[in-house]
2 protein chains.
Amino acid sequence: MYGALSAKPARRPRADSVRNRARVLEAAKLVFAAGGPAGSLEAVARQAGVGVGTLYRHFPTRQALFEAVYRHEVQQLVELAEQLGTDLPPLEALRRWMHANVEFVATKKGMSAALAVAVHASSDLTAYSMDRLGRALETLLRRAVEAGVIRDDISTEDILRTIVGLCYTHDKPGWQGNVLRLVDVFVDGMRRSQCSGPI
Amino acid sequence: MYGALSAKPARRPRADSVRNRARVLEAAKLVFAAGGPAGSLEAVARQAGVGVGTLYRHFPTRQALFEAVYRHEVQQLVELAEQLGTDLPPLEALRRWMHANVEFVATKKGMSAALAVAVHASSDLTAYSMDRLGRALETLLRRAVEAGVIRDDISTEDILRTIVGLCYTHDKPGWQGNVLRLVDVFVDGMRRSQCSGPI
DNA sequence: GGTAAATACGGAGGCCCCCTCCGCTTTACA
DNA sequence: TGTAAAGCGGAGGGGGCCTCCGTATTTACC
């Protein structure tokens, strides 16, 4: 991602360093998901099978680790969008991706508080994720519009905000099924050929 | 607030207990404002001049302390509304109270994350504060409407949500002045007789 | 393959915080 | 003033935070 245009002939990053960084990231995801944003960093290091020193070298602060996990998660959603886009018909791909977003929040309930803190403390993280997710969604959306299966006056931002809004206002038990249903309603509403089924 | 209808002739709460509880609450406000939601509870006890045991007896968990602080803050806004209502002309009272709400958030930036966590974790806290603040605002608002200085199609919830919304989307440096300006714009918009005088 | 220099690793250690427990003090009431 | 209930304080064991530095690994070059 970087280094190619550096002036110095920098030596390649060490293999163990790369490996450990990935391990810590994976472990952090688990620990924060289970224990919320206050989860122990020593537990992250143990889970990753590295020393605490290694953890702190890669991520000097808790906040830095939050941000890295967040970016990693966003990246996974982007890749999922690409895959769904090539594997499924347009409308179904869109619907599945929106469901995945909800589940993304659901499976990380503890994580979400941590991410909320991370996002709140760094506003360019919001911009970053809106941009990445927006581009990924753009492709799915355009394909569906061009196929003529959904209306053309919905923007990617409309959709992202809808998902966020639906998740945000639901924190009661069983909310996930409810939100998925609402997403389906929303997707139905976007369809062109309205058989006007009951909502 | 309670105890009057208890069956047993319970003995009056001890004076030192009442005093210490208040001290801890005040100290917690300072510490959380300075250090955010992760502020040290031992620091709270030190600041309050009590032992940690006392703190934990009054507030068994960090969450309990958050909630108590939050309720206390809400109460202060309610009392401010009552006072402004009797001291100032209707429109000015309303405007001042809205400004106070913004400053309430501003002076407690660290605190706000703590409160966000508290509110997120306990949804009846949201209901409680909406109810209390709504009633307080109701009086101010009705007085202004009856005096004929503002339009009558704005609800208390409209106003509370506007304030929250304006604060929520502003976290850049210098946001406070900006939001206060927007509040003034909003209040101007509510005025009936637009003499567009300076504020 | 061998070597030197750069780079990264691990975990001990000092510090602070969490929370419980219990002997001591203060208070309310008679 | 007596006394029992209620509350107080802080020591102490457990654990997390983060830094520091001797050691191990890896790369680049011969």
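Residue numbering restarts at 1 for every chain, and letters A, B, ... go by the order of the sequence lines.
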Within one Ile-Leu-Val-Met-Phe-Trp-Tyr cluster: L30(A) and L65(A), side-chain cutoff 4.5 Å
no
R62(A) side chain vs G39(A) backbone, donor-acceptor pair below 3.5 Å:
yes
Which whole-number value in Å describes the distance from E42(A) CD to dC18(C) C1'?
15 Å
Once you round to the nearest 0.5 Å, how far does CD1 of I150(B) lie from CG of L140(B)?
10.0 Å
Below 3.5 Å, does any donor atom in the side chain of R12(A) face an acceptor in the base of dT27(D), or the other way round?
no
Could you give the CZ-to-P distance, from R19(B) to dA28(C), as a whole number of Å?
10 Å
Output the rounded distance in Å from CG (L65(A)) to P (dC17(D)).
11 Å
Enter the distance from I159(A):CD1 to M98(A):CE here, rounded to the nearest 0.5 Å.
5.5 Å
Could you pick out which residue, G49(B) or Y56(A), lies toward the 5' side of DNA chain D when each is mapped onto its nearest nucleotide?
G49(B)
Whole-Å distance, R46(A) CZ to dA12(C) P, equals 13 Å
More 5' along DNA chain D: A43(A) or D16(A), using each one's nearest nucleotide?
A43(A)
Just N and O in the side chain of R11(B): are any of them under 4.0 Å from OP1 or OP2 of dT27(C)?
no
Can you tell me if the side-chain N/O atoms of T54(B) get under 4.0 Å from OP1 or OP2 in dG7(D)?
no
dC9(C) OP1/OP2 closer than 4.0 Å to side-chain N/O of N20(A)
yes
Examine dA6(D): is either OP1 or OP2 under 4.0 Å from a nitrogen or oxygen in the side chain of S17(B)? Give yes or no.
no
Quick one: which of dC17(C), dT26(D), dC17(D) gets closest to the side chain of R62(A)?
dC17(D)
Any R14(B) side-chain nitrogen or oxygen under 4.0 Å from OP1 or OP2 of dA5(D):
no
Please tell me which of G53(B) and S40(B) maps to the more 5' nucleotide of DNA chain C, matching each residue to the nucleotide holding its nearest heavy atom.
S40(B)
Supply the atom-to-atom distance L137(B) CG to R135(B) CZ, rounded to the nearest 0.5 angstrom.
12.5 Å
In whole angstrom, what separates F59(A)'s CZ from dC18(D)'s P?
15 Å
Starting from C1' on dG9(D), measure out to NE2 on H58(B) and report it in whole angstrom.
12 Å
L55(A) CG to dG16(D) P, in whole Å, measures 14 Å
Roughly, in whole Å, what's the span from CZ in R23(A) to C1' in dC9(C)?
12 Å
Would you say dC8(D) has OP1 or OP2 under 4.0 Å from some side-chain N or O of R57(B)?
yes
